[in-house]
Amino acid sequence: MGKDIPKVYDPGQVEDRLYEYWEEQNYFHAEPHADRESYCIVIPPPNVTAVLHMGHAYNNAIQDILIRWRRMQGYEALWMPGTDHAGIATQNVVEKELLKEGKTRHDVGREKFVELAWDWAENRRADIVNQLKKLGSSCDWERERFTFDEGLSDAVTHVFVSLYEKGLVYRDNYIVNWCPRCSTVISDEEVEHETKQGKLWYIRYPLKDSDDYLVVATTRPETMLGDTAVAVSPDDERYQHLVGKTAVLPIVNRELPVIKDAFVDPEFGTGMVKVTPAHDPNDFEMGRRHGLEEIKVIGDDAAMTEAAGPYAGMDRFECRKQLVRDLEEQGYLEKSEDYENRVGHCYRCHTIVEPAISEQWFVKMKPLAEPAIEVVNNGEITFFPEKWVKTYNHWMQNIRDWCISRQLWWGHRIPAYYCESCGTMQVARSQPDTCDECGGTEWTQDENVLDTWFSSWLWPFSTMDWPEQTPELEYFYPTDTLVTAQDIIFFWVARMIMAGLEFMDEIPFKNVYFNGIIRDAQGRKMSKSLGNGIDPLEMVEQYSADAVRYSLIVLSTEGQDINLAEENFEIGRNFSNKLWNSFRFVEMQRKEQAIPHELPDHDRWELADRWIISRLQRVIRQYNAALEKFRIHEAQDTVHKFFWGEFCDWYLELIKARFYGDNEQASEAALSIAVNVLRQTLQLLHPIIPFITEEIWQHLKLEDDPDIMVSRFPESDSALTDEDAESKMALLQDVIVAIRTMRSEMNVPPSKRASVIVNSVKNGRADLLRIHSSYVMNLANLSDFAIESNVDQPESSATAVVREMEIFLPLADLIDLRKEQERLNKEIEDTEGRLQKANAKLSNTDFVEKAPDHVVEKERQKQATYQEELKKLQANYEKISSMDS
RNA sequence: GGGCGAUUAGCUCAGGGGAAGAGCGCUACGCUCACAUCGUAGAGGUCGCUGGUUCAAAUCCAGCAUCGCCCACCA
């Protein structure tokens, strides 16, 4: 009891042990519950490609805070966990593994490859779950799902087929983004644009049957091999005479019509544009408008095709170099200039993507977007912070069709089947029997798989076994809160809203909380290539999960990015240690008796007791209000300040006298209140730092108490707020601090018990000080504390004025007069400054007339106080000065 | 070209119309029987700039500057 509790909190075995215990108790599991309200969060499923990074730790800490808080409030709280099969990312990793053995995926074949990917995914999945557990995440593991598991695959097929039947899924030959390294098409959102220093080449295209030529500008000369027209603006008077004429493409001598199209900006370059329908999205549109030929000159492997004539087989960038050289040699290059442009890169492998025409599957987005815009703007779904609504709206209003097919092996196969004998296509939930057209029975399934986000966007309901109508869906859907980062607002958040409305006819979640991004200490994104990442598991190892969680929340503000340095985790570690030691203190006082949990009778409460209980009520109220608004940092900060700055610094210090005295009743009362406040503080902290709070709770709990994680969350009791106690304590604190400051500044050693005289003018205050003189004596370390109504300043004493009371600290030895003069002088200056401000305000008639009465009244009080204090300070200053002479 | 953030103490950041805050760092003192992963006290900010609204602006509005993100079909 007390003796075997270590001085320094050691989270070592505590965290794993408690997590296992919670799991054994089945505390994480949630079920539809007739007489309880539900609260549900679906996890943003981490990709199975890698270990979790600090961003995950942060994101999941927030989710766990919300879930634990709601669970303790009595909600049936479900945190639905799972992982994402991460199509391209996983395929890339597995291919990389294969490459170590010198093999490509084609060497092992599709079936074997998918098998390998499954193995990989399963291992990673297990690691991720393990990591989430290490962080304390209270997920309902019984319900864990995977975007590629059987149930979710059914949902995906179901959705694809029904969208197809509605005409919202279609197949088209269209210009798309091709990643030559991943050898698949990717969606517009998967292309990252980066500013690159490049060149703008001006190339001469001779006019047919003329010595004249025209000049076009391009950043990608190699695409000219696929040019099928030259375009000018219809408004450009300079070039109207050329429209209808024919230009000749250098090198390959293809004849190109000169056309006019509103897309062309006369201001840019020469005002003439080469048109390459097969390799540029704009040119593609133009080409379709004008019925131009589409000539593919860059192949899927990024090498030039046969159509590129002499350059066939050459890599696209090599071709660019060679072609520019050739043009120059042959006199076709007019000039080139440095040019900064935005180049699209694959978000998975960072290769420069190539726009290319290809037959792909698309989802028509406009009809899905409209209702989804509505629910965010009418407040059915609320974004925190709100600023993201604008971003959301902008994207949604300009939404383009979603390219969902991928030329990968790892993913949901598209449920389209082709009759082997006549080629007829059928989209169906399972392979068709006989072909309607030819009666054939042999079918080949579409080789393509679906974009990984095509399963993610169903996550809020597919995880609850949709399209089956389950009790879970009935009870937990719509879910309550989505916690995610803003970088997937389009990939995921927006699409989930669309899917929810389309398939469930209901929003998927009520609130979206966007957490900030974790950056390094210099504000750079953490990334593998920079090597500036901080591994959360290592930090857990080093500082504990509680410390990691606590520190991250301390550093966070709603939606702002966090700059993180490793030392920052000391914040959480130190806090845990403080908490631990406050418990140790309480534990040491209880001696042999059982822990008192009931508050003592009111008549046994001292001022300090009334004060701390009152403060606690406010803290509980503020904490809950803050979390309601997703102000997580604010909730944390409120408890932090209360626990450290009030409970430890003042309350525990104040009650020590009762423990070290011989009044057993007083000591018992103090102990019960200390335990009571500590226990509620632990509960407030539990969502943030679940382990240490449970650990301490276990030490303090009675037999029939619930464990902290399933205990009832504190509620504020307004009957216990006590303005009187708070203002009285504030006065005593001011007096104590004033004495301490004086002692410190006059070099009175902390160990020396001093004697102090207060010259008070107001009776109420004199009584207050008299009744609570022990507070002052104990906390300012005094041997004598006299409260007088009208005494002169004793010889050689330091003085301070606080709340219109003079405080004298007689200094037995020689007082350093110079130093005391300096002190008083500074005080006088400060007070004068404050008085001046108050005077200025009050002499402003507008202020007196227009400001609210209580503000004016407050200002008057300030003025009076400062005047009074100033008088006393000046008198004392003169006294000291006269001694000096 | 649009949109969004940031700009407050040496550093990292809270706050958000009525007397400038925290943590770290720094200075002084203290191992006083919960805690040196600690305590007590202190030094340190004309709250980016310029205007405006208001009795009152760090806080609201407008413009500007610097930095950083996001979006956009100018080759």
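Lettering of chains follows the sequences in order, A, B, ..., and the numbering in each one begins at 1.
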Looking at every strand, decide which applies to [X] at a 4.0 Å heavy-atom threshold: base, sugar-phosphate, or nothing.
X       : result
D265(A) : base
H640(A) : nothing
K858(A) : sugar-phosphate
R342(A) : base
Q486(A) : nothing
D649(A) : sugar-phosphate
P852(A) : base
F569(A) : nothing
Y660(A) : sugar-phosphate

Would you say [X] places a side-chain N or O within less than 4.0 Å of OP1 or OP2 belonging to [N]?
X       : N       : answer
T391(A) : rC71(B) : no
K656(A) : rA34(B) : yes
Y9(A)   : rA34(B) : no
N563(A) : rC13(B) : yes
K390(A) : rC4(B)  : yes
K7(A)   : rC35(B) : yes
R573(A) : rU37(B) : no
K826(A) : rA43(B) : yes
R519(A) : rC69(B) : no
R524(A) : rG68(B) : no
T557(A) : rA14(B) : yes

Go through [options] for me and flag the one nearest to the [X] side chain.
X       : options                   : value
V737(A) : rA14(B), rC74(B), rA41(B) : rA41(B)
D846(A) : rC29(B), rC71(B), rC55(B) : rC55(B)
T218(A) : rG30(B), rA75(B), rC73(B) : rA75(B)
N577(A) : rG39(B), rC35(B), rG3(B)  : rC35(B)
V855(A) : rG18(B), rU12(B), rG3(B)  : rG18(B)
W644(A) : rC74(B), rG39(B), rC73(B) : rG39(B)
C648(A) : rC55(B), rG42(B), rA34(B) : rA34(B)
A851(A) : rA34(B), rC55(B), rU37(B) : rC55(B)
V264(A) : rG42(B), rG18(B), rA75(B) : rA75(B)
L652(A) : rA75(B), rA34(B), rC73(B) : rA34(B)

>> Is it the case that the side chains of Y205(A) and D227(A) hold a donor-acceptor pair, with the cut-off being a distance below 3.5 Å and no angle test?
In response: yes
>> Are more than 12 heavy atoms, taken from residues, nucleotides or ligands other than K862(A), located less than 6.0 Å from that residue's NZ atom?
In response: yes
Suppose you measure atom [atom1] in [N] against the same atom in [M]; what distance do you get, rounded to whole Å?
N       : M       : atom1 : value
rA57(B) : rG5(B)  : P     : 24 Å
rA20(B) : rA14(B) : C1'   : 12 Å
rC38(B) : rC24(B) : C1'   : 15 Å
rA58(B) : rC31(B) : P     : 45 Å
rC47(B) : rC13(B) : C1'   : 13 Å
rC29(B) : rC64(B) : C1'   : 49 Å
rG42(B) : rC49(B) : C1'   : 33 Å
rG25(B) : rU59(B) : P     : 32 Å

Residue pair [X] / [Y]: nearest heavy atoms and the distance that separates them:
X       : Y       : result
M742(A) : A800(A) : CE-CB, 3.7 Å
E354(A) : R220(A) : OE2-NH1, 2.9 Å
P6(A)   : W580(A) : O-NE1, 2.7 Å
L292(A) : P277(A) : CB-CG, 4.2 Å

Watson-Crick or G-U wobble partner for [N], using a 3.5 Å limit on both distances?
N       : result
rU53(B) : none
rA75(B) : none
rA6(B)  : rU66(B)
rA58(B) : none
rG45(B) : none
rC29(B) : rG39(B)
rA20(B) : none

>> Should the side chain of K578(A) and the base of rC35(B) be counted as holding a donor-acceptor pair, with the cut-off at 3.5 Å?
In response: yes
> Per the atom types in the model, does the base of rA34(B) pair as donor or acceptor with the side chain of E653(A) at under 3.5 Å?
Replying inline: yes
> With nearest nucleotides of RNA chain B determined for R740(A) and G271(A) from heavy-atom distances, which residue corresponds to the more 5′ nucleotide?
Replying inline: R740(A)
> Between L555(A) and V191(A), which has a closest nucleotide on RNA chain B that is more 5'?
Replying inline: L555(A)
>> Over 60° means perpendicular and under 30° means parallel, so tell me whether F284(A) and Y174(A) are parallel, tilted or perpendicular.
In response: perpendicular
[X] has an atom [atom1]; how far is it from atom [atom2] of [N], in whole Å?
X       : N       : atom1 : atom2 : result
W650(A) : rG39(B) : CH2   : P     : 13 Å
D830(A) : rA20(B) : CG    : C1'   : 14 Å
R590(A) : rA34(B) : CZ    : P     : 16 Å

>> Which residue is it: F575(A), Y623(A), F583(A)? I am looking for the one with a ring-ring contact (aromatic ring centres under 6.0 Å, His included) to F643(A).
In response: F575(A)
> Is the F383(A)-W388(A) ring centre distance short of 6.0 angstrom?
Replying inline: no
> For the ring pair Y347(A) and F491(A), is the centre-to-centre distance below 6.0 Å?
Replying inline: yes
